[in-house]
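Order of listing sets the numbers, starting from 1, for every ligand and every atom in it.
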Amino acid sequence: MNTKELKIAIERIIKIDYGKSLAKAKNYEKYNALSKAIMETIIVNWEETESAYDKGKQAYYLSAEFLMGRALGNNLMNLGIYDEVEEVLKELGIDINEIEEAEEDAGLGNGGLGRLAACFMESAATKNLPLTGYGIRYSYGLFKQSFIDGFQVEEEDDWLKYGDPWSIRREEDTVIVEFADGKVKAVPYDTPIIGYSTKNINKLRLFKAEPLVDFDFKLFNSQKYDEAVKEKNRAEDISRVLYPNDSTEEGKILRLKQQYFFVSAGLNDILKKFKKVHGNNFKEFAKYNAIQLNDTHPVVAIPELMRILTDEEGLLWEDAWNVVVNTFSYTNHTILKEALEEWNVELYERLLPRIYEIIKDIDKIFNEELMEKKYSKEKIHSMRIINEDKIRMAYLAIHGTHVTNGVAKLHTDILKYQELKDWHELYPNRFQNKTNGITPRRWLLLTNRELSKLITELLGNSNWITNLHELKKLEQYIEDPSVLDKLLEIKKANKERLAKYIKEQEGISINPDSLFDIQIKRLHEYKRQLLNAFGILDLYFKLKENPNMDIVPRTFIFGAKAAPGYVRAKAIIKFINEIAKLVNNDSEIKDKIKVVFVENYRVSYAEKLFPAADISEQISTAGKEASGTGNMKFMLNGTPTIGTYDGANVEIVQEAGEENNFIFGARVEEIEKIKDTYNPKEYYETVPGLKRVVDTLIDGTFDDGGNGSFKELHTSLLEGASWHKADNYFILRDFKDYIEAQYRVDKAYRDRRGWAKKALMNISNAGKFSSDRTIEEYAKEIWNIAPKKI
Ligand code: 26Q
């Protein structure tokens with residue numbers, strides 16, 4: 001499509017879809033029309049990719065979440081037509097930025113796990129790897145967040161209200177999913193995954209749940225309207241909304257329905273295709289199909305494939321089990337006990353009786369195998385898949401797959417030698433590490449245009465975009481003052497842009513010359529936003545005592561959603577908002593420090609925050625953050641990390657140099673050593689300034705609106721609660737080290753060129769953290785698939 005044709009297409013689509021001329025169209029209408037015009041141009045390549053892939057081995061990514069964010073800008077960039085389209089729009093009197101901002105985020109995920117799935121899809125397409133995603137087309141994504149009086153308020157995320165130009169409903173590929181209480185239709189919606197600089201177009205297939213019949217005609221005619229649509233609502237409830245829990249599991253029947261729904265539909269789809277190409281030769285299934293289970297959420301795929309192969313296709317148990325184990329692999333994303341999924345036996349039995357029987361058989365045979373190996377009774381008990389009245393999904397996953405992987409080296413080691421030690425001893429060859437990654441297209445090329453331009457200029461070509469290791473060559477400029485100054489200049493421009501956006505969105509003015517200190521991630525105790533908050537308060541009190549204290553002015557920026565039922569996480573949001581109110585309104589502070597908690601943190605907000613950060617907060621309790629991927633996004637954008645030795649931080653500083661980051665706090669070994677005897681009160685009583693900040697939770701400094709949640713936080717730190725010991729996440733232990741590390745940041749930041757060197761070292765050594773590298777490792781070391789370029 002040339003530029004003239006594009007203009008015509010946009011005008012035509014606006015006429016057809018909205019019955020108006022371009023001049024009268026709203027931004028979202030223009031966005032829709034442009035997107036559809038782009039869609040038209042990729043269909044042929046999309047079809048060709050599909051037929052090319054159908055011939056050989058393919059991989060499938062089963063995930064309850066795909067946190068895609070916006071599509072338009074990314075797709076234009078990957079197609080290599082961004083600048084051209086920008087120009088066309090300009091000629092039509094349209095600002096491309098306004099069109100991009102009209103797009104709703106596809107927020108079909110909670111956080112890291114969902115965004116990882118999105119980065120993987122993009123990388124696989126870019127690398128021409130035959131990977132298809134399967135998931136749920138939630139009608140409502142992760143809730144929208146606002147603050148009222150500093151409290152988080154949630155609202156539904158109606159992301160489809162203006163339609164979705166990037167998905168195509170494939171009525172003809174509808175499959176039926178059967179529960180004990182009835183059947184539903186699973187209708188696929190396909191979204192093209194457009195790789196960078198390749199003709200290959202991959203596919204994300206998300207299923208929507210619908211009733212077999214829309215409404216009961218008889219009931220409707222007898223004016224029983226509610227009754228008439230009951231069935232429809234019951235079916236549609238399944239794909240209505242994404243569960244907003246990112247770690248604590250809630251044993252809800254609908255959640256289980258969601259899991260079985262998309263897993264069963266996905267497997268059905270894969271099998272249909274397999275039969276078409278290979279007939280009924282199911283023993284060969286694993287030769288042509290690899291299926292990745294993204295955490296335990298889709299693990300019901302293991303008994304479901306057993307059911308299909310034995311009940312429907314007539315395979316013997318042993319043969320079917322071989323197929324299952326060789327087909328599936330499983331990624332673990334957490335070691336938090338409360339996040340390991342367990343399902344009530346009774347729930348499974350009621351909803352999926354046949355699946356439950358199969359799980360019981362798997363468990364029984366596994367038990368016999370362990371007895372044969374002369375495992376002790378206690379050990380067998382501790383490893384059983386069904387434990388009393390619970391099904392342990394992680395154990396089912398390890399047992400029913402040929403590879404279990406962690407998402408960063410440290411995390412994998414903790415799984416192998418600590419949390420899943422017995423399993424690692426049983427299946428030593430099944431465990432692998434696959435350190436996470438991020439796509440450099442979205443997280444640098446698209447969202448940090450100036451830095452991308454500079455990199456291409458310095459390297460003399462744009463190879464880095466698909467081979468991020470190329471960035472290493474930037475190290476040659478480490479003593480080049482003009483490059484260092486250019487880096488500082490770009491950062492400054494990004495900060496100005498963010499400041500403007502924050503002014504528009506939050507109504508708060510921030511100083512682009514201050515140090516932007518950013519912590520953006522889900523709100524969770526283990527991520528320790530509270531430690532950051534105590535650090536700010538400590539600084540505030542020190543400034544109050546000594547108004548002339550010489551500090552680099554700082555803007556502390558937070559972005560985080562708390563699960564709606566996570567009372568403590570919400571209390572922490574309120575606490576930080578209270579701190580913001582105190583600090584920002586204190587004229588004595590004279591803008592030396594500012595605190596901003598941005599509302600509704602999401603992918604599209606993240607895209608503006610990462611490029612503008614001076615320091616990246618990665619301060620989880622050592623051993624708790626499986627990997628982190630935000631840490632990588634900061635690094636790639638030239639932002640040093642203040643962080644603990646946890647998750648992928650370990651590898652980040654290994655690559656970029658500890659001297660270019662700010663590592664502090666207890667390491668895993670120390671946490672392990674002290675955890676049984678830890679007494680936070682010792683720190684509380686002796687560490688200078690600590691008591692003062694902790695006690696603001698109870699001494700009337702702040703107002704929790706009378707709900708007692710600040711007091712509860714205080715108690716959780718010093719006394720503990722029925723379900724955990726005092727200061728479960730060692731905030732008081734790490735406070736002093738954190739303050740000291742922040743002091744080092746302050747000192748280092750003053751040396752502007754010295755700081756730019758740190759930034760450059762981080763950028764130069766970010767190559768490892770491309771999701772291209774990660775996905776190629778999955779392809780080679782787990783899936784055994786090869787690129788197939790059309
Ligand atoms: C489970 C049961 C019921 C309802 C919800 C859930 C649920 C949903 C989402 C449980 C967990 C999640 C998401 C977890 C997650 O995002 N984990 C993060 O994964 C990243 C990618 O590997 C890592 O980088 C992070 O360290 C890890 O916290």
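- The proximity of R255 to ligand 1, defined as any non-hydrogen pair under 4.0 Å, is limited to the side chain.
- With values rounded to the nearest 0.5 angstrom, S716 atom OG is found 4.0 Å from R568 atom CZ.
- Relative to the six-membered ring of Y134, R205 misses at least one condition, a distance below 6.0 Å or an angle of at most 45° to the axis.
- Residue H297 places a heavy atom less than 4.0 Å from ligand 1.
- Interface of A626 with ligand 1, defined as ligand atoms under 4.0 Å from a residue heavy atom, comprises 26 (O).
- In this structure, F262 has its ring center no closer than 6.0 Å to that of F207.
- Polar contact with ligand 1: present for E625 (N/O pair, distance under 3.5 Å).
- Of all the heavy atoms of N436, the ones lying under 4.0 Å from any atom of ligand 1 belong exclusively to the side chain.
- E607 and R442 are joined by a salt bridge, as a carboxylate oxygen and a charged side-chain nitrogen come within less than 4.0 angstrom of each other.
- For G111, no nitrogen or oxygen atom sits less than 3.5 Å from a nitrogen or oxygen atom of ligand 1, counting backbone and side chain alike.
- Of all the heavy atoms of Y526, the ones lying under 4.0 Å from any atom of ligand 1 belong exclusively to the side chain.
- Under a 4.0 Å N-O distance rule, the pair R350/E346 qualifies as a salt bridge.
- Looking at K252 against ligand 1, nothing comes within 4.0 Å, counting heavy atoms.
- Every N/O-N/O distance between N245 and ligand 1 stays at or above 3.5 Å.
- Listed by atom number, the atoms of ligand 1 under 4.0 Å from G628 heavy atoms are 23 (C), 24 (O), 25 (C), 26 (O).
- Taking the ring centroids of Y601 and F558, they lie at or beyond the 6.0 Å cut-off.
- Here is the list of ligand 1 atoms found below 4.0 Å of a heavy atom in E65: 8 (C), 9 (C).
- Within the structure, every pair that satisfies the salt bridge (Lys or Arg N to Asp or Glu O under 4.0 Å) test and touches residues 620-640, not counting sequence neighbours, is listed here: K527-E625.
- Ligand 1 has V407 within reach: a non-hydrogen atom of the residue lies less than 4.0 Å from it.
- Judged by a 6.0 Å distance limit and a 45° cone about the ring axis, K208 is not positioned over the six-membered ring of Y189.
- Ion pairing between a basic and an acidic side chain is recognised when a charged N comes within 4.0 Å of a carboxylate O; E104 and K144 show such pairing.
- Looking at R522, H333, H411, it is H333 that brings a heavy atom closest to atom 27 (C) of ligand 1.
- Those atoms of ligand 1 that come under 4.0 Å of a heavy atom in G112, given as number and element, are 16 (O), 19 (O), 20 (C), 21 (C).
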